[in-house]
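These values consider heavy atoms only, across backbone and side chains, with no hydrogens, waters or symmetry-generated copies.
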Amino acid sequence: MDLKFSNAEPFAEERDAVDRLLGPGESGWDGGERDEKDHRRAHAGHAARSRRHLVMEALHAVNDRVGWISPGALNYIGKRLSVAAADVYSVATFYALFSTNPRPQRVVHVCTDIACMARGSKEVCADLEKRLGPASAMNGWKHSPCLGVCERAPAALAVEAGNPPHEHLIGPVTVEEVALALKSGPAALAAEAPPMMAVPQAGQEGLMLLKRVGRVDPESIDDYLATDGYAGLRRAFEIGPQQVITEVKDSRLMGRGGAAFPTGIKWESTAKQPATPRYLVCNADESEPGTFKDRAILEGDPFSLIESMTISGYAFGAERGYLYLRGEYPRAYRLLRNAIEKAYERGFLGTDILGSGWSFDLEIRRGAGAYICGEETAIFNSIEGYRGEPRTKPPFPFESGLFGKPTVVNNVETLCNVPLIVQMGGAEYAKIGTEGSTGPKLFCVSGNLVRPGVYEVPFGATLGDVLELAGGVPQGRKLQAVLLGGAAGGFVRADELHIPLTFEGARANKTTLGSGVVLAFDDTVDLSGILLRIASFFRDESCGQCVPCRVGTVRQEEALLRIMHNGHDAKAKDNDIHILRDVGLVMKDASICGLGQAAWNAVESAIDRLGVLEGSKSR
């Protein structure tokens with residue numbers, strides 16, 4: 001594409017979308033009317049560039065309004081934010097949900113990832129090809145990675161650009177629903193399943209993280225307050241910020257996003273930094289295939305996250321928080337915006353919260369379809385208006401994170417444990433679960449099971465216990481394997497259901513809990529096809545910044561394709577498995593972030609643990 005956009009002008013709708021977000025331009029230098037003074041002065045320097053962090057928001061505004069982002073819109077956004085048009089283009093083309101090529105206002109993204117593959121997405125796509133033509137935006141539908149609706153697989157996201165835009169998650173999707181969404185728009189579809197449908201345990205006694213889902217109106221702050229809402233924040237103000245950190249340390253709360261880093265240590269390290277301001281970032285960009293536990297909270301109990309972030313910011317001295325939400329969660333976006341608005345109205349956000357003398361502001365930033373932005377430093381770049389590429393560490397986020405300041409990044413589930421800890425005390429909380437894995441844990445249980453959904457159990461429950469809660473595989477079918485931790489996790493055999501779902505139990509059994517995915521495959525599923533889809537996912541989602549990941553993910557997919565296409569050539573297959581091991585080792589040892597380091601995990605476990613690829617035991 002020609003990046004010389006000097007003569008390209010935005011469409012009227014694009015200009016209006018940007019101006020509604022940023023306000024009218026004040027001079028000819030930032031998109032306004034040029035006057036005589038503009039010929040004698042220039043607006044530059046830090047002040048002119050200080051709004052770069054609004055690049056993603058401006059791109060969303062245009063994409064939502066028109067359905068794609070024209071060269072003129074890129075040029076206009078650059079002018080308004082004092083960013084080169086080519087730089088804006090580099091950001092826009094990084095994210096899968098943005099398009100810099102013309103496309104219809106209505107597009108349906110059909111999930112073809114592993115959970116949906118196990119539930120019939122391949123057949124849905126085959127029928128769509130017959131009816132609408134090959135998958136492409138111009139035909140109205142596209143293939144999509146995981147949409148985070150795995151309990152209702154196969155899933156799709158219907159999008160209609162406009163003022164306002166309309167988005168609708170469909171699951172389980174049918175060809176007829178896709179056709180209706182394209183003909184009449186997402187608004188013509190039946191109402192989306194209520195949030196409680198993602199939680200088969202909804203309403204049961206004894207739940208901690210999911211106790212309000214299905215019991216309260218997620219749009220009502222009064223419902224939230226009537227069920228101990230904001231009791232944790234009031235208690236935090238009573239005991240003070242240092243004691244909050246002490247309670248979190250005593251609870252031995254470990255991060256629930258996959259890395260399992262001690263939360264209290266992270267907060268304490270950030271609080272000790274002399275630099276200010278400090279920031280809190282909530283990672284709600286759960287894009288790991290098979291992961292949807294955070295969505296259950298975001299849609300079923302959004303006020304709990306707002307309270308949790310407020311307590312966390314108070315503990316280590318942050319006065320601003322950013323909630324980075326994946327772009328494929330339209331209902332969560334609406335409910336979180338409502339929750340933040342109501343929290344400001346009632347004095348739970350803003351200046352002098354509850355008369356404490358402490359202030360905290362919170363805003364949502366939407367992702368746009370980039371799995372890599374789940375990496376903590378890639379989130380910083382995305383919020384700051386850059387491509388979502390990970391940064392080299394050190395410095396670590398607690399030293400230099402968002403906008404170069406001390407920052408804490410926690411995911412939704414981790415944060416939502418905080419009010420529980422503050423109310424019951426860290427030592428009491430630590431009695432739940434096991435010595436090395438304390439508290440309740442959410443698992444995203446999907447695949448070929450009778451009752452897929454988000455399940456809450458204390459740490460220490462076995463894999464078999466969780467599968468039993470989900471009803472097991474359908475009658476007449478046989479469990480073939482279970483993928484723990486998502487695409488970046490590992491497979492276990494059907495005879496390993498005794499594995500305790502704890503951090504230490506997973507390590508002892510040479511697997512991982514990862515993001516809490518428990519994805520079951522029965523004997524109807526082609527596991528070699530699942531492996532190929534995982535390899536394709538990592539190849540697509542690699543940011544391309546480092547060579548081991550950029551090249552390794554491609555070589556991994558190529559080797560798997562050769563093995564599947566040349567299945568009768570034992571020597572060639574054996575050689576390709578050797579290549580897989582070499583490439584996997586290099587990615588694991590030399591990639592700069594967790595994506596490349598984990599891209600080989602599932603394939604390795606399938607070879608060594610399941611023997612999926614014939615001849616896999618030879619090396």
One thing to verify: whether E219 and K342 come together as a salt bridge, which I'm taking to mean a side-chain N less than 4.0 angstrom from a carboxylate O. no
Flag for [Y]-[X]: side-chain donor and acceptor within less than 3.5 Å:
X    : Y    : answer
T291 : S515 : yes
D217 : S220 : no
Y224 : E307 : yes

Once you measure the plane-to-plane angle for W141 and H143, does it fall in the parallel (<30°), tilted (30-60°) or perpendicular (>60°) bin? perpendicular
Do any pairs count as a ring-ring contact (aromatic ring centres under 6.0 Å, His included) and have a residue in residues 348-379, sequence neighbours left out, and if so which ones?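 Matches after skipping sequence neighbours: Y230-F348, Y314-W358, W358-F360, Y371-F537.
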Look at the side chain of E288 and the backbone N and O of A488, then say whether any donor-acceptor pair between them is shorter than 3.5 Å. yes
F380: ring pair (Phe, Tyr, Trp, His ring centres under 6.0 Å) partners, not counting sequence neighbours: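 Ring pair (Phe, Tyr, Trp, His ring centres under 6.0 Å) list for F380, sorted by chain: empty.
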With the side chain counted from C-beta on, respond yes when E192 and R152 share a heavy-atom pair under 4.5 Å apart, and no when they do not. yes
Between H60 and L97, is any pair of side-chain heavy atoms under 4.5 Å apart? no
With P194, which residues qualify under side-chain contact (heavy atoms from CB on, under 4.5 Å), at least two apart?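 side-chain contact (heavy atoms from CB on, under 4.5 Å) list for P194, sorted by chain: M196, M197.
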Centre of Y386's six-membered ring, under 6.0 Å away, within 45 degrees of the axis: is that where NZ or CZ of R52 sits?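 Output yes; distance and angle both within limits.
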